[in-house]
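Presented below is the structure to which this report refers.
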Amino acid sequence: MKILVCMKQVPQKDAPLKLNETAAWIREDVSYEVNEPDAFALEEALRQREKHKGEVVVITSGPARAQQVLREALAKGADRAIHLEDNAFVGLDAFNTAKAFAAAIKDEQFDLIFTGLQSDDYGYAQTGVILAELLGWPHATIIMQIEKNDTGIRVKRELEAGFFQFVDMPLPAVLTIQSGINKLRYATLIGIKQAKNKPIRKVALAEVQSAIGENLQKIERLYVPQKTKKTEHIEGSPVEIAKKLVDKLRNELRVL
Amino acid sequence: MPDTILVVVEQREGKLNRVSWETITAGQAIAAATGWTLEAAVVGGTASTFAAEVAAKKVGKVYAVESPKLEPYTPDAFAAALKQLLTAKQPKLVLMPHTYQVRDFVPKLATAMGRAVISDCIGFKHENGKLVFTRQMFQGKLAADVSFNSDAPWFATFQNGAFRGDKAEDGASPAPIETVAADIADGVIRNKPQEAFKEAKQAVDLTQAEVIVAVGRGIKEQKNIEIAKQLADALGADLAASRPICDNGWLPMDRQIGSSGQTVAPKVYLALGISGAIQHIVGMKGSRTIIAVNKDSEAPIFEIADYAIIGNLFDIVPPLTEEVKKVKAELAK
Ligand SMILES: Cc1cc2nc3c(=O)[nH]c(=O)nc-3n(C[C@H](O)[C@H](O)[C@H](O)COP(=O)(O)OP(=O)(O)OC[C@H]3O[C@@H](n4cnc5c(N)ncnc54)[C@H](O)[C@@H]3O)c2cc1C
Ligand SMILES: Nc1ncnc2c1ncn2[C@@H]1O[C@H](COP(=O)(O)O)[C@@H](O)[C@H]1O
């Protein structure tokens with residue numbers, strides 16, 4: 001099986017975010033990490049390759065810094081990588097990101113494409129499904145298990161409120177992967193060494209420019225959400241905080 | 001012809017999903033702000049059987065989009081059926097709840113029409129004749145006002161809880177219902193879904209818990225769960241967790257709170273090292289009192305907390321456990 005994994009670089013979970021001068025995006029001088037479900041998608045692709053042979057290719061779009069995500073994936077065992085490298089990719093909406101990916105892989109033949117179920121920065125929850133539609137492939141979302149069979153694959157979809165569902169589908173297909181589908185591996189020292197010799201194909205904006213258009217949705221402004229609830233801060237040393245809180249639990253909330 | 005807003009409600013096995021009413025409320029609010037007309041659509045094998053329930057609300061019209069091929073749900077059939085309806089009726093704005101099912105087909109539908117979806121919105125603004133939708137970004141740390149930059153139809157989905165379903169206004173008289181037969185060709189549907197099922201029976205029922213101590217990734221390591229457990233034991237509380245804790249196997253799945261876990265409403269919910277992602281919040285925002293301990297003063301959990309303790313949980317929790325034990329021992333005397 002030949003599997004493509006879309007992996008996005010996003011600001012680290014506890015990175016303090018500040019607005020930039022346009023107030024439509026953040027200042028980019030923060031620490032970054034791989035979008036969490038994308039790491040699970042990579043792990044799943046590596047496991048599928050271990051079972052069925054084939055190739056795992058990782059793709060990202062973003063500035064030079066995003067290469068770090070590809071390096072980590074190669075160190076964990078991905079075979080090669082594709083980097084759509086330009087600052088402009090950061091500002092694309094899901095429709096255009098998917099269009100850029102479709103253009104960048106037009107000469108490849110994948111059996112499966114994995115994306116995360118949503119990104120931690122934009123949180124569109126759309127890129128994978130849009131890509132499937134652009135390619136004319138079937139898709140399934142929020143996937144927690146994948147088994148190959150004679151006619152294609154059987155996947156386990158997570159539904160709401162603790163329900164699940166198996167879906168049989170043909171290949172090629174796009175799947176959006178849910179965090180927790182598997183247990184992540186760490187890169188080994190040998191893996192990190194080998195990664196240095198693995199190919200990263202760079203795709204410039206110019207190469208996919210004709211495939212993408214204007215964003216269909218526009219961020220007018222970004223801001224810190226207004227608080228609507230009255231919150232009381234409990235402050236002091238840990239021991240003081242403990243005393244104040246226990247007093248509340250007992251005398252106001254009456255649960256002690 | 002005036003512009004129309006079309007709300008596509010969601011049903012499962014003939015029962016309307018509760019969040020459908022929230023989307024109707026949203027549609028009514030946008031209609032009031034813009035002066036546009038509001039219509040609704042129900043989609044399914046026998047959609048006309050529950051269209052009347054929607055037609056009782058204050059909407060201009062209800063379309064019952066029907067085909068045996070719409071049962072069970074598949075993204076291929078839903079996108080095909082709705083594309084036909086939208087092409088024929090040409091609404092300006094299409095609204096849906098941001099459910100797992102809508103996430104599964106609406107990006108496909110919009111892409112098939114060359115359009116975009118502003119997803120998971122929490123509100124809208126109508127400013128100087130321009131409609132913008134508010135959505136959370138960066139896991140709720142920031143909010144964005146987003147506008148459409150394309151021709152109609154525009155698609156927007158609303159987050160669970162963004163509007164009050166019980167505020168959906170009834171109509172003076174039932175709205176007319178138009179049954180629309182969806183024409184779904186053979187071969188369009190590629191996925192074969194099986195029956196939905198629940199994993200092993202839940203052993204723990206947290207819905208009746210009075211006090212819950214919930215741990216998130218701030219707990220760092222499995223062995224540290226003990227710190228939270230001791231506090232829970234001292235309080236006589238139930239222990240619960242955010243999803244990553246259960247994904248890691250540090251606590252069993254049936255202690256997970258949130259959209260893919262349990263929904264709880266205890267008297268007191270104590271969140272330790274939980275950031276407050278919306279998927280967690282939907283499971284616990286009904287708690288009477290929310291106490292949050294987090295080292296990041298900007299963590300979204302503080303937006304819904306009644307009591308905020310900004311600090312390191314490893315410093316805060318052990319003395320708290322001791323204090324609870326001490327007070328309890330005194331009370332027992
Ligand atoms: C479709 C879908 C369904 C989902 N369903 C659920 C669900 O049912 N339930 C759920 O919980 N999540 C769910 N999620 C995941 C959700 O989006 C978040 O990723 C998750 O809730 C984050 O968990 P967390 O707050 O524990 O971790 P993080 O977001 O990593 O937050 C950890 C927090 O701990 C704080 N912290 C770190 N160290 C300390 C310390 N020493 N002292 C104090 N604070 C500290 C940090 O400041 C941070 O705020 C779902 C996601 C999706 C996309
Ligand atoms: N710039 C990007 N680079 C790589 N993958 C991406 C990018 N944007 C989106 N994706 C993929 O699409 C998924 C869903 O993103 P989104 O639609 O933004 O929520 C992510 O989990 C990634 O797998």
Side-chain angles (χ1 to χ4, degrees), chain A residues 11 13-14 16-17 93-95 120-126 129-130 132-134 138-142 158-160 162-170 179-180 214-225 227 229 231-234 238-239 241-243 245-246 248-250 253 255-256, chain B residues 75-76 99-100 103-104 107-108 111-112 115-120 132 136-139 141-150 190-194 196-199 210-211 243 247 259-260 267-268 275 289 296 298 302-310 315-316 319-320 322-324 327-328:
Chain A
K13 282 218 167 55
D14 42 15
L17 303 177
D93 60 12
F95 187 65
D120 274 357
D121 50 3
Y122 281 102
Y124 288 129
Q126 297 190 51
V129 178
I130 294 172
E133 178 64 14
L134 294 174
H139 74 266
T141 53
I142 320 193
E158 180 180 306
L159 305 178
E160 277 140 349
F163 280 90
F164 295 90
Q165 174 185 49
F166 285 104
V167 177
D168 293 313
M169 58 198 297
S179 294
E214 262 193 81
N215 277 345
L216 300 182
Q217 52 186 296
K218 176 165 175 261
I219 298 176
E220 299 277 342
R221 62 189 90 88
L222 202 62
Y223 49 90
V224 179
K227 267 182 71 90
K229 196 158 177 174
T231 303
E232 182 178 332
H233 285 260
I234 302 181
V239 171
I241 288 173
K243 284 206 156 63
L245 191 56
V246 167
K248 299 220 183 284
L249 288 169
R250 191 176 155 202
L253 310 176
V255 291
L256 272 188
Chain B
D76 287 333
T99 60
Y100 282 25
R103 290 172 61 136
D104 193 55
K108 174 183 169 69
T111 301
R115 299 292 184 269
V117 185
I118 301 184
S119 52
D120 209 8
V132 299
Q136 294 172 312
M137 303 233 320
F138 299 96
Q139 296 256 301
K141 283 191 192 156
L142 295 174
D145 289 343
V146 185
S147 63
F148 285 101
N149 190 32
S150 73
R190 296 164 291 185
N191 292 3
K192 283 195 201 64
Q194 314 292 316
F197 64 93
K198 260 202 160 135
E199 215 89 30
E210 286 232 327
V211 182
R243 179 166 180 139
D247 279 348
S259 64
S260 46
K267 277 189 187 158
V268 174
S275 62
T289 302
D296 174 10
E298 281 166 28
F302 289 131
E303 277 160 46
I304 59 153
D306 300 280
Y307 297 104
I309 299 163
I310 298 167
D315 296 337
I316 308 288
L320 180 59
E322 286 318 307
E323 183 67 19
V324 171
V327 169
K328 274 210 163 167

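FYI, side chains are in, hydrogens and waters are out, and symmetry mates aren't considered; it's all heavy atoms of this structure. Each chain gets a letter, A, B and so on, in the order its sequence line appears, and its residues count up from 1.
Contacts of B/K328 with chain A are made by side-chain atoms alone, with heavy-atom separations under 4.5 Å and no backbone atom involved. Both the backbone and the side chain of A/L159 come within contact range of chain B, judged by heavy atoms closer than 4.5 Å. For B/V324, the parts sitting under 4.5 Å from any heavy atom of chain A are the backbone and the side chain alike. Contacts of B/T99 with chain A are made by both backbone and side-chain atoms, with heavy-atom separations under 4.5 Å. Contact annotation for B/Q136: only backbone heavy atoms (N, CA, C, O) come within less than 4.5 Å of a heavy atom of chain A. Of the atoms belonging to A/I241, it is side-chain heavy atoms, and not backbone ones, that fall under 4.5 Å from chain B. Neither the backbone nor the side chain of A/A132 comes within less than 4.5 Å of any heavy atom of chain B. In this structure, the portions of B/K141 lying under 4.5 Å from any heavy atom of chain A include both its backbone and its side chain. For B/S259, the part lying near chain A is the backbone, with the side chain staying farther off; criterion is any non-hydrogen pair under 4.5 Å. In this structure, the portion of B/R243 lying under 4.5 Å from any heavy atom of chain A is its side chain and not its backbone. Looking at A/P11, only its side chain comes within 4.5 Å of chain B, counting heavy atoms on both sides. The contact between A/K248 and chain B is made entirely by side chain atoms (from C-beta outward), counting heavy-atom distances below 4.5 Å.
Nearest heavy atoms, A/T231 versus B/A305: OG1-O, 2.7 Å. The two residues A/P238 and B/D315 make their nearest non-hydrogen contact at CB-O, 3.4 Å.
Environment of NZ in B/K192: sparse, with no more than 12 heavy atoms of neighbouring residues, nucleotides or ligands closer than 6.0 Å. Atom CD of A/Q165 is surrounded by more than 12 heavy atoms from other residues, nucleotides or ligands within 6.0 Å. Environment of CZ in B/R190: crowded, with over 12 heavy atoms of neighbouring residues, nucleotides or ligands closer than 6.0 Å.
Under a 3.5 Å cut-off, the side chain of A/E220 and the backbone N or O of B/V132 do not form any donor-acceptor pair. Judged purely by atom type and a 3.5 angstrom limit, A/E232 has no side-chain atom pairing as donor or acceptor with the backbone of B/Y307. A donor-acceptor pair under 3.5 Å is formed between the side chain of B/N191 and the backbone N or O of A/H139.
Heavy-atom pairs under 4.5 Å with chain A peak, among B/D76, B/D104, B/I310, B/V327, at B/D104. Of the listed residues (B/A196, B/S147, B/S275), the greatest number of heavy-atom pairs within a distance under 4.5 Å of chain A belongs to B/S147. Between chain A and the options B/S150, B/P75, B/S260, B/S119, heavy-atom pairs under 4.5 Å are most frequent for B/S119. Interface remark: of the candidates B/V268, B/D296, B/D120, B/V268 forms the most heavy-atom pairs closer than 4.5 Å to chain A. In terms of non-hydrogen atom pairs under 4.5 Å with chain A, the most contact-rich of B/A144, B/A143, B/P193 is B/A143. The greatest number of non-hydrogen atom pairs below 4.5 Å with chain A, out of B/P319, B/A308, B/A116, is found for B/A308. Among the candidates A/D121, A/V224, A/V255, A/L249, the residue making the largest number of heavy-atom pairs closer than 4.5 Å to chain B is A/D121. Per-residue counts of heavy-atom pairs under 4.5 Å with chain B were compared for A/G180, A/P138, A/A140, A/P16; the largest is that of A/P138. Among A/K13, A/Q126, A/K243, A/R250, the residue with the largest count of heavy-atom pairs under 4.5 Å with chain B is A/Q126. Comparing A/D120, A/L134, A/I130 by how many heavy-atom pairs each has under 4.5 Å with chain B, the most go to A/D120.
To the nearest 0.5 Å, atom CG of residue B/N149 and atom CG of residue A/N215 are 7.5 Å apart. How far CG of A/L245 is from CD1 of B/I309: 4.5 Å, rounded to the nearest 0.5 Å. Considering CZ of A/R221 and CG of B/L142, their distance stands at 14.0 Å, rounded to 0.5 Å. In this structure, CG on B/D306 lies 8.5 Å from CG on A/L253, to the nearest 0.5 angstrom. Here the NZ-CD distance, from A/K229 to B/E303, works out to 11.5 Å after rounding to the nearest 0.5 Å. Taking CE of B/M137 as the reference point, atom OH of A/Y124 lies at 6.5 Å (rounded to 0.5 Å).
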Residue pair B/Q194, A/D168: steps toward the side chain to side chain contact (heavy atoms under 4.5 Å, CB included) verdict: CA-CA 8 Å; B/Q194 314 292 316; A/D168 293 313; 2.9 Å; yes
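Residues A/I142 and B/R103 are in side-chain contact: their nearest non-hydrogen atoms beyond the backbone lie under 4.5 Å apart. A heavy-atom distance below 4.5 Å is not found between the side chains of A/F164 and B/K198. B/T111 has its side chain within reach of A/F95: a pair of non-hydrogen atoms, C-beta onward, lies under 4.5 Å apart.
Taking the six-membered ring where the residue is Trp, A/H233 and B/F302 present tilted rings, their angle falling between 30° and 60°.
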